[in-house]
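Report on the structure given below.
Just so you know, ligand 1 is whichever comes first in the structure, and atom 1 is the first atom listed for that ligand. Computed from heavy atoms alone, side chains included, the values below leave out hydrogens, waters and symmetry copies.
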Amino acid sequence: MNSPAQRPAVAAGPVDFDRYIDDRIDEGVFAVHRDIFRDEFLFELEMKYIFESNWVFLCHTSQISRPHDFYTTHIGRQPVLVTRNAAGELKAFLNTCTHKGSLVCLTRAGNRKFHSCTYHGWTFDSAGRCVSIKDHADAAYTPAFEADGHDLQAVPKLGEYRGWIFASLNPDVLPLEEHLGDARVFIDLLVEQAPDGMELVRGNASYTFPGNWKLQVENCLDGYHLNIAHKGFIEITRRRIERAGAAYKGPDIEAMFGVNLKTGSFGLKNGHALFFTENPAPEFRPLWPQREQIAARLGAGRAKWLLQYGRNLTIFPNVQCTDNAVIGQFRVLRPLGTALTEMEIYCWVPVGEPAAARRQRLRQYEDFFNISSTGTPDDVGAYRNCQQGLQARAVDWLHGHGRGMGAMVRGGNEYARELGIEPETSSAGPLNMSDETLFHANYRQWLRLMKDGQRRALATGEIG
Ligand code: FES
Ligand SMILES: [Fe+2]
């Protein structure tokens, strides 16, 4: 494998991004260079060319549902204020005061007709219009100033797919539905599990981990680590089963590896990917009592995919949803630095579900997914250990993207045909295969976006 020729502290000129991803799947090779997890200048370019030039997930409509609701977040490094105006229309602005640049809204979420800047009091309405400049009449502004616009700057592209809200700072992107492509089928499955739709439970956990954001992108779809990194959870489950016997109500993770469960994955277009596993104990899912209504509503095929296959989905680059043997979790990631990432995690629930099912769901969520759970701390520790290990700069390439390549096919397989999708690659096999080919889609998109971004920067003369 070739190695990047040089490791500058900043990118002085065009970067040969092809040297970071060795994509020769016809020869049985796919490898990722370790520098993309540790080099500062690549992180800056990722923010610019991936996060700030492409669709990224902002929030879910359940977080901003009524007129004048607002939600603050980021696109890459840039602060964003999402609002609903008086008519309930969705808007997104850069969260920066047009006066001297302060954040206009300092609060995470709420409901306000007006956002008043805390520095000098300029005030903007929920449609982003500057409606008040303090002491305007006495200001002796020039006609040129008065003629200038002082409204908040709108984010150029804003879109929603079934309640999932995305935006792009680059107006020149694919239509959102095209960008999501076949990932929409899996969003549909997530959304259609309840007749009245799904929402994020109010209240969430937020934490940072000392590792690169792509460690999280991979981990969500990494079945290989489950019975090693989460040994503690498996041991706890074993003891619960021992103590409770037949009264135990939950999946037996250890036993999953001993039976012939069907698993597979899809590398989808535009960087998205999905991993699925046959659910060994669908009867413990909170939705199970409603299986007949679900089948009647969605048809047997979709009901099977919903209830009997656990699905972990990544919408590249920053949102993930798991809906598997345990329960649904929604994750939004935000890169803060080469080795620092912020996570916002939520419990994904049906609107108006019966109290008993909601209780079961929340307890399952707390058990494995919440930050103080038996699962998530294991992953956070693994990210920290990876990031520290990756500082071994004498080592160039990861060997972590090869499992399942012998079973991978270009395009779809029988599962894809069942779902009516056309992935870039598909893979199917026993659980112990723990496929790693689905990550190829993430890195192909990484490479595509980095090259596209650099091409644009060269064309505009931003870099020479
Ligand atoms: S910075 Fe906002 S009013 Fe001055
Ligand atoms: Fe994990």
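- Aromatic ring pairs are classed by plane angle as parallel below 30°, tilted from 30° to 60° and perpendicular above 60°; the pair Phe124 and Trp122 is tilted.
- Listed by chain and number, the protein atoms of type N/O/S under 2.8 Å from atom 2 (Fe) of ligand 1 are Cys97 SG, Cys117 SG; waters are omitted.
- Nearest heavy-atom pair across Pro171 and Pro156 is CB-CB, 4.0 Å.
- For the pair Lys100 and Tyr119, the cation-pi test (distance below 6.0 Å, angle within 45°) is failed.
- Using a 4.5 Å heavy-atom cutoff, the side chains of Leu158 and Leu58 are in contact.
- Annotation: cation-pi pair Arg84/Phe70 absent, no NZ/CZ under 6.0 Å from the ring centroid and within 45° of its normal.
- With sequence neighbours left out, the salt bridge (charged side-chain N to carboxylate O under 4.0 Å, His left out) criterion links Arg162 to Asp188, Glu192.
- When the side-chain contact (heavy atoms from CB on, under 4.5 Å) test is applied to Lys91, the partners found at least two apart in sequence or on another chain are Thr83, Asn85, Glu89, Phe93.
- Excluding waters, the count of protein N/O/S atoms less than 2.8 Å from the Fe ion (ligand 2) comes to 4.
- Asp23 and Arg444 are joined by a salt bridge, as a carboxylate oxygen and a charged side-chain nitrogen come within less than 4.0 angstrom of each other.
- The nearest pair of heavy atoms linking Cys105 to Arg112 is SG-NH1, 3.8 Å.
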